[in-house]
Amino acid sequence: MERREPMRYHGEISADFNTLLLRLYRLSQELPIQQFQDAALAQIKEVLPFDSSMWGTATTTPEGIDIHTVHLHEIAPEMLVEYEALKHQDVTASMVLGESDVIYSINIETLYADRAAREYRDFSQRFGVENMLIAADNNPRTQFVHWISLYRADKHAHGTEAERQLLSQLAPHVMQALALNRVMHLGQIDVADRAMSPYGSAIADARGVVYHADPQFSRLAQSEWDGWSGSHLPAQLMADLSAGHERFVGRTIVVRRYFEHGLLFLKARARCLADQLTQREWTIAKLIAKGESHKEIAQALNRSPATVRNQIQGIYEKLQVSSIAKLIDALRRAE
């Protein structure tokens, strides 16, 4: 890792706090999901200097923290690879997990002063972490934590009490702005005609922890999985999505997933008649909707006209329609 010249700190904080918050919330609505966290950290850096950062979510396990999502800012990704072998020595993680809201100012040399902690201390210092300010929002019941760590490479740049207090005030807003940015991104994902096909939206991480679910998604999920709590995606849905399927079709619900920036963006709707179509029938139905005749469809699919005619009749029966206009409308409900 290339060693950068550490920033210099003076311990003085001067900021128009309200202006900073407005800027953060505006950025959450204006920037794409891939850019927002770096932009938010750049805003924080103006009032709370740091060299690098790690921002993510995790849960605790007997072996140490299990990272769900992580965003690295000005720090080599190799840090995460090396961390896996040393995470059982991470005293900071044990300090953060278990308490509802924590704000710490930590000096690595002091915290890991014991000879037994030398390996972890060397690891941290190798990646430019001499001091850190860390804010965490933890759920003691689930052991799920959302945290932001700000790292300083200058061993003399201890976090002051004033800086710790500033981070305490900033962190809830920064975390909320991230949640809003994700919801904004979710709203930009194309869906079929929204008026014709009521849908619900949700965001979860790759482990199934739900970060956001709107009322419609919750209603649809509860109709499919009686007693669904809303904190984690149902196991049946997660198994299907983890297998790489873009779409889950249940008894009463259809869920389409979009995977981006380490997160699952989910769109759900109620099942409709078109969901009964096989892949072959769906292909034929789309060709019908484009105005192709049964002979043209037969030629395109290398099938006999009689076979295609029978399949078209079966499609109309499944969709319970009697015209191309109604067939098109039925297909739109399932897109």
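Residue numbers start at 1 and run along the sequence shown.
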Worksheet item: Do L27 and F17 belong together in a cluster built from hydrophobic side chains that touch within less than 4.5 Å?
Response: yes
Discussion item. Under a 3.5 Å threshold, yes or no: a donor from one side chain and an acceptor from the other, between T59 and Q143?
Written reply: no
Item to complete: Could you please spell out the steps behind the side chain to side chain donor-acceptor pair (under 3.5 Å) verdict for Y211 and T57?
Response: CA-CA 10 Å; Y211 296 167; T57 59; 2.8 Å; yes
Item to complete: Salt-bridge test for R126 and D122: reply yes if a basic N is under 4.0 Å from a carboxylate O, no otherwise.
Response: no
Discussion item. Test of understanding: clusters of I, L, V, M, F, W, Y form through side-chain heavy atoms closer than 4.5 Å, transitively. Do L22 and L178 belong to the same one?
Written reply: no
Worksheet item: Under a 4.5 Å cut-off applied to non-hydrogen side-chain atoms, are E82 and F127 in contact?
Response: yes
Discussion item. With a 4.5 Å cut-off on side-chain heavy atoms, are L180 and Q29 touching?
Written reply: no
Worksheet entry | Nearest-0.5 Å distance that lies between atom CG in L41 and atom CD in E46 | 12.0 Å
Worksheet item: So, are R247 and D275 salt-bridged, with charged N and O less than 4.0 Å apart?
Response: yes
Worksheet item: For R251, does the CZ atom sit with more than 12 other heavy atoms under 6.0 Å from it, leaving out its own atoms?
Response: yes
Worksheet item: Given N139 and V145, is the side chain to side chain contact (heavy atoms under 4.5 Å, CB included) satisfied, shown in steps?
Response: CA-CA 6 Å; N139 185 327; V145 61; over 6 Å; no
Fill in: K87 side chain to I65 backbone, donor-acceptor under 3.5 Å
yes
Practice prompt. Report the distance from atom CG of L170 to atom CG of L166, rounding to the nearest 0.5 Å.
Written response: 4.5 Å
Response to the item:
Contacts of Y104 meeting ring pair (Phe, Tyr, Trp, His ring centres under 6.0 Å) (sequence neighbours excluded), chain-then-number -> none
Worksheet entry | Heavy-atom side-chain contact between E130 and D154 under 4.5 Å | no
Discussion item. Determine whether L150 and L48 satisfy the following criterion, side chain to side chain contact (heavy atoms under 4.5 Å, CB included), listing intermediate values before the conclusion.
Written reply: CA-CA 9 Å; L150 307 179; L48 195 55; 3.7 Å; yes
Worksheet item: Any side-chain heavy-atom pair from H73 and W55 closer than 4.5 angstrom?
Response: no
Response to the item:
In this structure, NZ of K326 is separated from OG of S323 (nearest 0.5 Å) by 5.5 Å
Worksheet item: Would E281 and Q276 satisfy side chain to side chain donor-acceptor pair (under 3.5 Å), going step by step from the backbone distance to the final call?
Response: CA-CA 9 Å; E281 289 172 332; Q276 304 174 62; over 6 Å; no
Item to complete: Evaluate the side-chain proximity of W147 to V102: yes if any heavy-atom separation is below 4.5 Å, no if none is.
Response: no
Item to complete: Taking the side chain as every heavy atom from C-beta outward, state whether L220 and T252 have any pair of such atoms under 4.5 Å apart.
Response: no
Worksheet item: Does the ring center of F248 lie less than 6.0 Å from the ring center of W225?
Response: yes
Worksheet entry | side chain to side chain donor-acceptor pair (under 3.5 Å) between Q216 and R219, intermediate numbers included | CA-CA 5 Å; Q216 176 69 352; R219 283 192 292 270; 3.1 Å; yes
Worksheet item: Hey, quick one: are Y199 and L331 part of the same hydrophobic cluster, counting side-chain heavy atoms closer than 4.5 Å, chains of contacts allowed?
Response: no
Practice prompt. Assess whether side chain to side chain contact (heavy atoms under 4.5 Å, CB included) is satisfied between R207 and M238, documenting all intermediate values.
Written response: CA-CA 8 Å; R207 308 299 174 83; M238 271 306 298; over 6 Å; no
Worksheet item: Using a distance-only test with no angle check, is there a side-chain donor-acceptor pair under 3.5 angstrom linking H158 and S105?
Response: no
Worksheet item: Do Q311 and R280 come within less than 4.5 Å of each other through their side chains, counting heavy atoms only?
Response: yes
Discussion item. With rounding to the nearest 0.5 angstrom, report the CZ to CG distance, R23 to N18.
Written reply: 11.5 Å
Worksheet entry | Euclidean distance, S304 OG relative to N310 CG, rounded to 0.5 Å | 8.0 Å
Practice prompt. Compute the centroid of each ring, for F144 and then for H68, and state whether the two points are separated by less than 6.0 Å.
Written response: yes
Item to complete: Kindly give the heavy-atom pair with the smallest separation between N131 and K155, and that separation in Å.
Response: ND2-O, 3.2 Å
Worksheet item: Is the shortest side-chain N to carboxylate O distance from R152 to E163 below 4.0 Å?
Response: yes
Discussion item. I'd like to check the ring pair (Phe, Tyr, Trp, His ring centres under 6.0 Å) partners of F36; sequence neighbours left out, ordered by chain and number.
Written reply: none
Worksheet item: Within a radius of less than 6.0 Å around CD of E84, do more than 12 heavy atoms belonging to other residues, nucleotides or ligands occur?
Response: yes
Item to complete: Please identify each residue that fulfils ring pair (Phe, Tyr, Trp, His ring centres under 6.0 Å) with H294, with sequence neighbours left out.
Response: none
Fill in: Check: Q125/E109 side-chain N/O donor and acceptor closer than 3.5 Å
yes
Worksheet item: Among side-chain atoms of Q165 and Q169, is any donor-acceptor pair under 3.5 angstrom?
Response: no
Worksheet item: What are the two closest heavy atoms between S124 and I108, and how far apart are they?
Response: CB-CG2, 4.0 Å
Worksheet item: Should we say atom CZ of R26 is surrounded by more than 12 heavy atoms from elsewhere, each under 6.0 Å from it?
Response: yes
Discussion item. Restricting to non-hydrogen atoms, name the atom on I148 and the atom on S53 that form the minimum distance, rounded to 0.1 Å.
Written reply: CG2-OG, 4.4 Å
Discussion item. Just by distance, no angles: are the side chains of D38 and H71 close enough, under 3.5 Å, to form a donor-acceptor pair?
Written reply: yes
Discussion item. So which atom in L24 and which in V174 form the shortest heavy-atom distance, rounded to 0.1 Å?
Written reply: CD1-CG2, 3.8 Å
Worksheet item: Any salt bridge between R121 and D114, counting N to O under 4.0 Å?
Response: no
Fill in: Residues Y83, Y120; criterion side chain to side chain contact (heavy atoms under 4.5 Å, CB included); working and verdict
CA-CA 9 Å; Y83 176 79; Y120 194 88; 3.4 Å; yes
Worksheet entry | Reported CG-to-CG distance for the pair L186 and L263, which is rounded to 0.5 angstrom | 10.5 Å
Item to complete: List the steps, then state whether side chain to side chain donor-acceptor pair (under 3.5 Å) holds for H146 with D137.
Response: CA-CA 5 Å; H146 182 175; D137 178 18; 5.8 Å; no
Discussion item. Which heavy atom of A289 sits nearest to which heavy atom of I328, and what is that distance?
Written reply: CB-CG1, 3.7 Å
Discussion item. Can you confirm whether Y258 sits close enough to L264 that some side-chain heavy atom of one is under 4.5 Å from a side-chain heavy atom of the other?
Written reply: no
Discussion item. Quick check on the hydrophobic clustering: are W282 and V249 connected, directly or via other members, by side-chain heavy-atom contacts under 4.5 Å?
Written reply: no
Discussion item. Ring of F50, cation from K45 - is the NZ or CZ under 6.0 Å from the centre and inside 45° of the axis?
Written reply: yes
Fill in: Nearest heavy-atom neighbours spanning P234 and W228
CD-NE1, 3.4 Å
